[in-house]
Every structure is written in structure tokens, then in C-alpha cells.
2 protein chains.
Amino acid sequence: MAENRVTGQEGRRLVSTAIRQALSAGDLVPGQRLVEQELSETLHATRNCVREALQDLAAEGLVELVPRRGARVRVVSVEEAIQITECRAALEGLCARRAATHAPAEQRESLREIGAGMRAAVSGGDLNTYSALNRRLHARIAEMSGQTVAGGLLDRLKGQMVRYQFRLALRPGRPTKSLPQHLAIIEAIVAGDGAAAEEAARAHLDSVIDELRATPDTEPQEPRSLGAHV
Amino acid sequence: MAENRVTGQEGRRLVSTAIRQALSAGDLVPGQRLVEQELSETLHATRNCVREALQDLAAEGLVELVPRRGARVRVVSVEEAIQITECRAALEGLCARRAATHAPAEQRESLREIGAGMRAAVSGGDLNTYSALNRRLHARIAEMSGQTVAGGLLDRLKGQMVRYQFRLALRPGRPTKSLPQHLAIIEAIVAGDGAAAEEAARAHLDSVIDELRATPDTEPQEPRSLGAHV
DNA sequence: GTCAAACTTATTGTCAACAATCTCGTTGAT
DNA sequence: ATCAACGAGATTGTTGACAATAAGTTTGAC
């Protein structure tokens, strides 16, 4: 049992990424309390590290920090998820347009590989692969557009949506609906048609919004404490 | 000599707003070092407060925090300012559209008062008032749109632009060019025409981008230390 | 049996001293 | 004169203990 407690600015990063992962893996439910000492023991880090990591996560909008009362996993309502997606539509529209008009043709055409992979994943029923390619496509477009500022904002926004994105992807019939939209974005970008690319990106996210609207508001998740006995 | 050093979470807020103000007032130039002890003495705060305030400002993108080397006022290049404004165009377009289609008519019409004030300020040559009304108009539209997420992102982006916004507003002939754009946005929103409102907002910010393109890249500002003697 | 007040425990916030690191000026050799 | 190694001072980072507060629990009166 190597007792090397992580510490310092490196530990801070480690702790925050650990929490991030636990969050996207669903190990932490919205509303759950995050107790500093508890985390510091679990992650073998100083309480200071944990504290600073929590501040970072709060700045990213992933946790809520109430003075003197500690941190909880932030709860994003469906309403807020919709607003986030509306912002995404605006920003990804910008990125898609710029990717179409600004990126070299060779890079643009490489998107078709992702498209082919998506098509294969959907017809093969491999939802995990499709979901991964989905993220990759969006990230790649943002990168190709050269819009680093927009890219940063999008990362931030997507981080707050992990819980919803997960659910949406698993909904029956969803891939069949979103696949052609993704392909349309790709084709518009490859064609170098900025206006069409922006339009396609927006249409795609508008469809996500429709899907969100059909989502029941999350019941106030019971923060399952560790000592929860039946 | 009341020796009450500010402390705690309140001090943290006080320090960060003090720095924010100094930043927008031009008392702190980009690239300037922010030494913790120095600030804590000037602002009568604990070094801890200052430290945490700096973290907050770093999370907002106002200062740059290099490990073991301290904090400096972040330098935003013209290129980055342009990207920021492109994001603003996308997001303010969204807000303008929603304000036009979603806000009650009564609220929308109240924008005309701001428009009239702007017209008066420009014809009277009162740049400060015009600039203040400018900020107020944009903020009001974001508020009316009900898009709190977009509003938050916009606040953040504008915070990083203080230096440029200041310069642009003072440029000769600029108000004459931007006033009709602002009035067009207002009229489209009052008319309830979402598409036109979005288009007008975008056109306005595109014009800001043109102005930025004509901006010489900032020479590496000399961090005028306090003890700078001739 | 119910409610309120005091008490206990769990948890976060604060601090001051110490440690680690960097910056910059000085010295000395080539 | 130039450069590298060295060292002093300045600045940030870290720690552990303590203070302050909130949450939960018991006790006691009615």
C-alpha cells in the first residue's frame, strides 16, 4: 500500500479530472454532496487539493458551491439543458460555417471517414461507437474552424450536459434520426458551403432540443449516501 | 487608522471586483504582474483572499496564472478579440431573435427609450453616455430574451474585451456608424421580427469585427511598476 | 406524544509559518 | 567583453492546526 498522497497543483488536476470522470460515468448523481474530507480520503489527496479542485469545477459550472455548506453536484434542469443547446446551436453553427469556408479541402474531406464510421455503427447497432464518433465529429469541426474561443465555450457547455447527452443517445430511434443530420453537416462542409453548413448544424441541434422537450424533468435524485441501508 | 483587513469570502469578492474595476479603468495594463503580497497590502486583505480572488479571475479569463510564477493580466490579441466578437455575434443574434419573439410587447417597446437616448447622446457628442447606453442595450436584450445561459457567456466574453471596447468607442466616426445599427436592432425587436433582429445584431457585430481588423496589434505594454522612476 | 432548547458532531473556512522555487544581480574565469 | 556558475532576495505553494458554522440528536418540559 503505497501511501503517496497526491498533492499540489498536479493533485488538483488529478482530483478534478477524477470527479469529472465520476460525473460522466454516472457515479455521482446531481444534487449529491461532495464532502472534502471524504473525497480526500478516497482519492488520496490533500484536503487542499480537493478544495481547489472543487473551485475549478464550480467555475466550470459542474458543481455548486454554497458557502459554509459545501459543494454539491449541480443540478441542470431540462429548461437549462435546452438553453445550453440553443447556445450550442449558435456556436456550432459558427464553427461549421468557418470550417466549411476556412479549412483546407483535404481536412474537410477527412470528415467523410467519420461519417462512414457513423453509418456503419448505426447499421451495426453499436451505440457506443456512434456516440464516440458523434463527439469526435463535433470536436473535429470546432478544431478545423480555428475558432478556439468558440471551441472553449462549447467544451464548457457540453461538460454541463453529460447526463443528458448520455440519455439522449440511448433513446430508441434517435440514431436513425440524427445520422442523416450529421451526414448533411459533413457534406456541406466538404462542399465548402458555409451557409449550408451553418444551417445543417443548427437544424441538428434544433432536433436535439425537440428531443429534450420530450424529456420528463428529473425527479430530485436521492443523494445516495454511502451508509444507505435498506 | 482603522486597521480592519478584509477577510474571508467577502474579502475575496471585494478583491476580485477591485481588480476588475482597476482593469476596466485601465489602471492595470495587459501583461502586468499581479503580486499577491503587494495586492494584499494595497487592498488591506489577507494574502489568502487575494490568492482566491486571482483564481476566480483566472477562471473568468481575465488573468493568466502560471504556476510558481504568479499572475499577470491576460493579454488578448487582436486575433482573439475578433474570435470573441464572432462568438458574441452568434450569441447576441440568438438573444435578439428570442427577445423579438418571446418578450412581451411592452418590454420590447421600452427599448425605444434607450434608442432615443443614444440618438441624443450621439448628436450631443456625449461619448460616455452613448457607451453606457450601448452596454445597457445589449444587456437589456439579453435579459429580455430569457436566455440566461447565453447571457452568462456574453458577460464573460465582454469582460475579456474591456480594453478593446474602450478604444473602439472613442474612435472618431464610430458612433455615427454604429448608431443606425443599434436602432435597426431595436426596431426589429419591437416589430417582433425574430429573423430580422438576429440579422441586425449580427450585422452590428460584424461591423465591430471590421473595426477590430483595422486595429494595430498592441505593442507589448510596459508593465509600469510602482517604483518606476525616470 | 410533541415541541423546543441545548448540546454534540460533522464540515467548512481561516490563518500564519514554513518550504520550494524562481528571478536577478554578482562574481569570476576565459 | 562575454558567458556561466553561484547566491541572495523575492514570490508563490503547502501544510496542519484551529476557529466558525451548520446539521443532527438528545434531553426535558408541557
Side-chain angles (χ1 to χ4, degrees), chain A residues 3-19 28 31-59 62-74 220-229, chain B residues 3-19 28 31-59 62-74 220-229:
Chain A
E3 182 49 77
N4 1 4
R5 281 208 311 184
V6 188
T7 174
Q9 55 234 25
E10 186 187 348
R12 179 177 178 168
R13 196 176 41 77
L14 285 174
V15 169
S16 69
T17 63
I19 296 180
L28 295 174
Q32 182 164 346
R33 286 192 61 187
L34 298 172
V35 179
E36 295 180 359
Q37 193 176 355
E38 198 174 304
L39 290 171
S40 79
E41 283 167 8
T42 308
L43 303 172
H44 301 289
T46 320
R47 191 159 80 90
N48 232 328
C49 280
V50 174
R51 199 178 172 72
E52 289 173 347
L54 288 176
Q55 304 267 352
D56 290 347
L57 295 170
L62 296 181
V63 314
E64 191 187 10
L65 220 51
V66 207
R68 295 272 175 208
R69 207 167 302 188
R72 343 183 123 262
V73 178
R74 198 164 79 87
Q221 287 270 14
E222 193 54 37
R224 51 171 186 200
S225 162
L226 284 89
H229 44 98
Chain B
E3 181 50 76
N4 1 5
R5 281 206 313 183
V6 188
T7 174
Q9 56 231 25
E10 187 188 348
R12 178 177 178 168
R13 198 176 39 79
L14 285 174
V15 170
S16 69
T17 63
I19 296 180
L28 295 174
Q32 182 165 344
R33 286 192 61 187
L34 298 172
V35 180
E36 295 179 1
Q37 193 176 358
E38 199 175 302
L39 289 172
S40 79
E41 284 166 7
T42 309
L43 303 172
H44 302 289
T46 320
R47 189 159 82 89
N48 232 326
C49 281
V50 174
R51 199 177 173 71
E52 289 173 346
L54 288 176
Q55 303 269 351
D56 290 347
L57 295 169
L62 296 180
V63 314
E64 192 185 11
L65 218 52
V66 205
R68 296 273 174 205
R69 206 166 302 186
R72 337 184 127 265
V73 178
R74 198 166 78 88
Q221 287 270 15
E222 193 56 38
R224 51 170 186 199
S225 162
L226 282 89
H229 43 100

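Residue numbers begin at 1 in each chain, while the letters A, B, ... track the order of the sequences.
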Spacing of A:Gln37 atom CD relative to D:dA17 atom C1', expressed in whole Å: 14 Å
Please state how far atom CD in B:Glu52 lies from atom P in D:dT12, giving the value in whole angstrom units. 15 Å
Closest nucleotide among C:dT11, D:dT15, C:dT14 to the A:Arg33 side chain: C:dT11
Please determine whether a side-chain nitrogen or oxygen atom of A:Thr46 lies at a distance below 4.0 Å from atom OP1 or OP2 of D:dT15. yes
May I ask you to decide if A:Gly31's main-chain N or O and A:Arg72's side chain share a donor-acceptor pair within less than 3.5 Å? yes
If I take atom CD in residue A:Gln55 and atom P in nucleotide C:dT12, what distance separates them, rounded to the nearest angstrom? 12 Å
Taking atom P of C:dT12 as reference, at what distance in whole Å does atom CZ of A:Arg72 sit? 11 Å
Of the nucleotides C:dT12, D:dT15, D:dT12, which one has an atom closest to the side chain of B:Arg47? D:dT12
Could you check whether A:Arg68 gets within reach of a base, just the sugar-phosphate, or nothing at all, counting any heavy atom under 4.0 Å? base
Give a yes/no answer on whether the side chain of B:Gln9 brings an N or O atom under 4.0 Å of OP1 or OP2 in C:dT12. no
Any base atoms under 4.0 Å from A:Leu54, or only sugar-phosphate, or nothing? Heavy atoms, all strands. nothing
Test applied, salt bridge (Lys or Arg N to Asp or Glu O under 4.0 Å); reference residue, A:Glu52; option that passes from A:Arg47, A:Arg12, A:Arg13: A:Arg12
Atom CG of A:Leu34 and atom P of C:dT11 are separated, to the nearest Å, by 12 Å
Suppose we call a contact any N or O donor and acceptor under 3.5 Å apart; does that hold for the side chain of B:Arg69 and the base of D:dG13? no
Could you give the CG-to-C1' distance, from A:Asn48 to D:dT12, as a whole number of Å? 14 Å
Would A:Leu34 and A:Val50 count as a side chain to side chain contact (heavy atoms under 4.5 Å, CB included) if you check the C-alpha gap in whole Å, the side-chain angles of each, and the deciding distance to 0.1 Å? CA-CA 10 Å; A:Leu34 298 172; A:Val50 174; over 6 Å; no
Note: A:Val6 and A:Gly11 closest approach over all heavy atoms is CG1-CA, 3.1 Å
Please give, in whole Å, the distance from C:dT12 P to A:Glu41 CD? 12 Å
Upstream residue (5' side of DNA chain D) when A:Pro67 and B:Val66 are each assigned their closest nucleotide: B:Val66
Reckon B:Leu65 touches a base, only the sugar-phosphate, or nothing at all at heavy-atom distances under 4.0 Å? nothing
Atom CZ of B:Arg51 and atom C1' of C:dC15: how far apart are they, to the nearest Å? 14 Å
With a 4.5 Å heavy-atom cut-off, do B:Ile19 and B:Leu57 have their side chains touching? yes
